[in-house]
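See below for the structure under consideration.
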Amino acid sequence: MIGEHIDVVANVRVAGEGRALLAHPDVERDGVFDVWLAAGAIADIAPAGALPRRGRVLDAGGGWLVPGLWDHHTHFLQWSLATTRPSVQHAASPEEAARFAAGIAPGADGRRVLTHWRDGLWAAAPTRAVLDAATGDVPTYLLSSDVHAVWLNSAAFRRERLEPTHDGLVREAAAFALIDDLDDVAGSVADAAHDRAARAAAARGVVGIWDLEFGENHGPWRRRADAGWDALRVFSNVYPDDLERAIAEGLATGDPLGANPLVRMGMLKVFGDGALGSRTAATTVDYDGHAGHRGALGTDPERMVELVARAATAGIATTIHAIGDAANAAALDAFARAGLSGRIEHAQLVAAPDVPRFSRLGVDASVQPQHLVDDRDLTDAYWSCQHATPYPLATLAARDANLLFGSDAPVSPLDPWAQMAAAVFRTDDERAPWRPEQALDIRTALAASTAGGSADPQVILPGHAADLAVVSADPLRCRDAASLRSMPVQATLLGGRVTHAA
């Protein structure tokens with residue numbers, strides 16, 4: 001069935017937007033419908049069996065139909081390769097992480113590359129000496145869980161011709177460049193990894209992603225598009241270093257990168273600050289226990305305005321990475337001064353006066369709810385004294401901000417159901433919900449996981465896209481995080497074509 005175009009999705013119930021209209025007494029028949037598809041869209045909906053079924057039929061067996069899901073923030077190559085790299089997330093000290101790294105065999109290029117190193121709650125700080133003592137002369141690289149830092153041993157510094165640091169760390173722009181180099185694998189290897197990751201995403205009901213991969217990413221996506229990429233809709237973003245090239249090519253947001261309409265030009269991505277895990281997010285109040293330390297802006301505010309305006313002259317929208325409240329304020333200021341709408345990635349710490357500015361300025365909040373449960377202890381350890389609110393999802397929604405859910409994969413897994421569960425239940429272990437007053441309702445969380453987001457969700461009605469997923473339970477009635485996270489996906493349709501069938 002994979003690859004087939006479906007004419008009728010039979011015996012299906014509807015969840016999410018459109019459900020209320022279809023529940024009208026005049027049309028309801030046990031709430032089970034047949035959904036006709038044509039030319040990539042929903043053509044008609046009627047009570048099950050009311051009209052003859054013709055063509056290829058997908059029998060949902062009473063399953064629930066939801067809009068196809070989106071991940072609005074991925075680093076898709078990093079995520080594709082992360083499954084092949086060992087994780088040190090379990091390590092509770094620099095010594096434990098270093099010992100684990102030493103036991104990993106080098107890759108074909110002679111380098112050890114590991115992922116998800118997290119030192120925020122360690123009693124001792126990482127040092128190059130600790131890593132050297134365990135790993136010797138094999139170049140060893142530990143990528144931080146937030147991908148804003150890399151921990152290297154001396155052999156790695158020599159190989160990369162970088163000036164060694166005492167702690168062995170490179171951060172922010174230098175880390176991004178190093179990760180881009182580590183991920184510079186053969187095209188065939190990258191493409192195979194992308195294919196595997198796309199199939200796994202489709203198996204979770206995903207029909208599209210926004211790819212914010214580091215470096216120049218349009219060339220590789222054109223290659224995949226020309227080779228017949230058909231697994232997901234993709235928007236490929238661009239960074240400031242490549243903005244002028246994109247403008248010279250005449251690309252605007254939404255334009256196909258080639259003949260394949262599934263792969264399109266995304267937005268300009270600007271780094272407003274760093275990250276909480278690396279203690280580089282820009283805040284207006286000192287980090288707990290670190291007098292005078294407030295992170296730093298990654299881009300000068302005047303430069304933010306220039307970039308937003310320059311991109312707009314070519315029809316390219318802008319998204320600004322902003323985690324700390326100082327960075328969120330600067331990003332909102334940049335859009336306001338440029339007189340343009342846009343997006344902010346993360347919005348993890350937002351001051352009360354800035355919350356209503358999202359909707360007033362038309363700035364989408366592209367957030368990653370799984371981060372709030374992954375970093376709850378880190379947030380309490382470093383941001384308990386902040387005046388701004390961490391992970392203010394309910395507050396943003398209440399002030400009409402458009403929420404767009406993503407994973408920031410590989411920082412968290414590319415699985416929209418995990419993001420929804422985190423947003424609604426605010427825990428993923430036996431502990432009580434963290435800051436439960438900021439929990440979202442499941443309808444809003446599901447809408448935020450669709451193409452348009454919480455304020456403009458995809459609707460299951462005639463005339464709307466046949467980007468759909470059939471799941472085994474009604475997500476709007478899930479009463480616990482585990483059942484939402486583990487939601488079985490029976491089938492995924494991209495423009496009416498099957499990309500996953502259980």
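Index from 1, following the sequence.
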*May I ask you to decide if the ring planes of W117 and W122 are parallel, tilted or perpendicular, using 30° and 60° as cut-offs?*
tilted

Does the side chain of [Y] come within less than 4.5 Å of [X]'s, by heavy atoms?
{"X": "P369", "Y": "M420", "value": "no"}
{"X": "V150", "Y": "Y141", "value": "yes"}
{"X": "V207", "Y": "L493", "value": "no"}
{"X": "V170", "Y": "L152", "value": "yes"}

_Closer than 3.5 angstrom, by distance alone: can the side chain of S412 be matched with the main-chain N or O of Q370 as a donor-acceptor pair?_
no

*Starting from the C-alpha separation in whole Å, work towards a yes-or-no answer on side chain to side chain donor-acceptor pair (under 3.5 Å) for D167 and T165.*
CA-CA 6 Å; D167 56 12; T165 60; 3.1 Å; yes

_Qualifying residues under ring-ring contact (aromatic ring centres under 6.0 Å, His included), relative to H166, sequence neighbours excluded_ = none

*Restricting to pairs with a member in residues 172-207, which pass ring pair (Phe, Tyr, Trp, His ring centres under 6.0 Å), not counting sequence neighbours?*
F76-H194, H148-F176, F176-F214, F176-F271, H194-W221

_Quick check on side-chain contact (heavy atoms from CB on, under 4.5 Å): which of D354, D364, L332 does I344 satisfy it with?_
L332

*asked:* Filter on salt bridge (charged side-chain N to carboxylate O under 4.0 Å, His left out), then keep only pairs touching residues 232-247, sequence neighbours left out; what's left?
replied: R233-D467, D242-R245, E244-R310

_Residue pairs involving residues 96-109 (criterion salt bridge (charged side-chain N to carboxylate O under 4.0 Å, His left out); sequence neighbours excluded)_ = D109-R111

_Candidate pair E213 and K269, rule salt bridge (Lys or Arg N to Asp or Glu O under 4.0 Å), full reasoning_ = CA-CA 10 Å; E213 191 54 81; K269 165 75 178 292; over 6 Å; no

*Is a salt bridge present between R279 and D119, judged by a nitrogen-to-oxygen distance below 4.0 Å?*
yes

*Sort and list the pairs that fulfil side chain to side chain donor-acceptor pair (under 3.5 Å) and have at least one residue in residues 378-395, not counting sequence neighbours.*
D288-S384, Q348-Y391, D380-W434, T395-Q438

*Give the intermediate values and the outcome of salt bridge (Lys or Arg N to Asp or Glu O under 4.0 Å) for residues D377 and R431.*
CA-CA 12 Å; D377 296 326; R431 292 183 291 177; 2.8 Å; yes

*Knowing that exactly one of D325, D273, D286 qualifies, which makes a salt bridge (Lys or Arg N to Asp or Glu O under 4.0 Å) with R294?*
D286

*For side chain to side chain donor-acceptor pair (under 3.5 Å), just list the numbers for N402 and D456, CA-CA rounded to whole Å, side-chain angles, deciding distance to a tenth of an Å, and then say yes or no.*
CA-CA 8 Å; N402 186 34; D456 186 26; over 6 Å; no

*Could you tell me whether R343 sits above the aromatic face of W210, with NZ or CZ closer than 6.0 angstrom to the six-membered ring centre and within 45 degrees of the axis?*
yes

*Looking at the rings of H346 and H73, which for Trp means the six-membered one, are their centres under 6.0 Å apart?*
yes

_Counting only heavy atoms from other residues, nucleotides and ligands, does the tally under 6.0 Å from CG of D137 exceed 12?_
no

*What residues form a side-chain contact (heavy atoms from CB on, under 4.5 Å) with D195, not counting sequence neighbours?*
R199

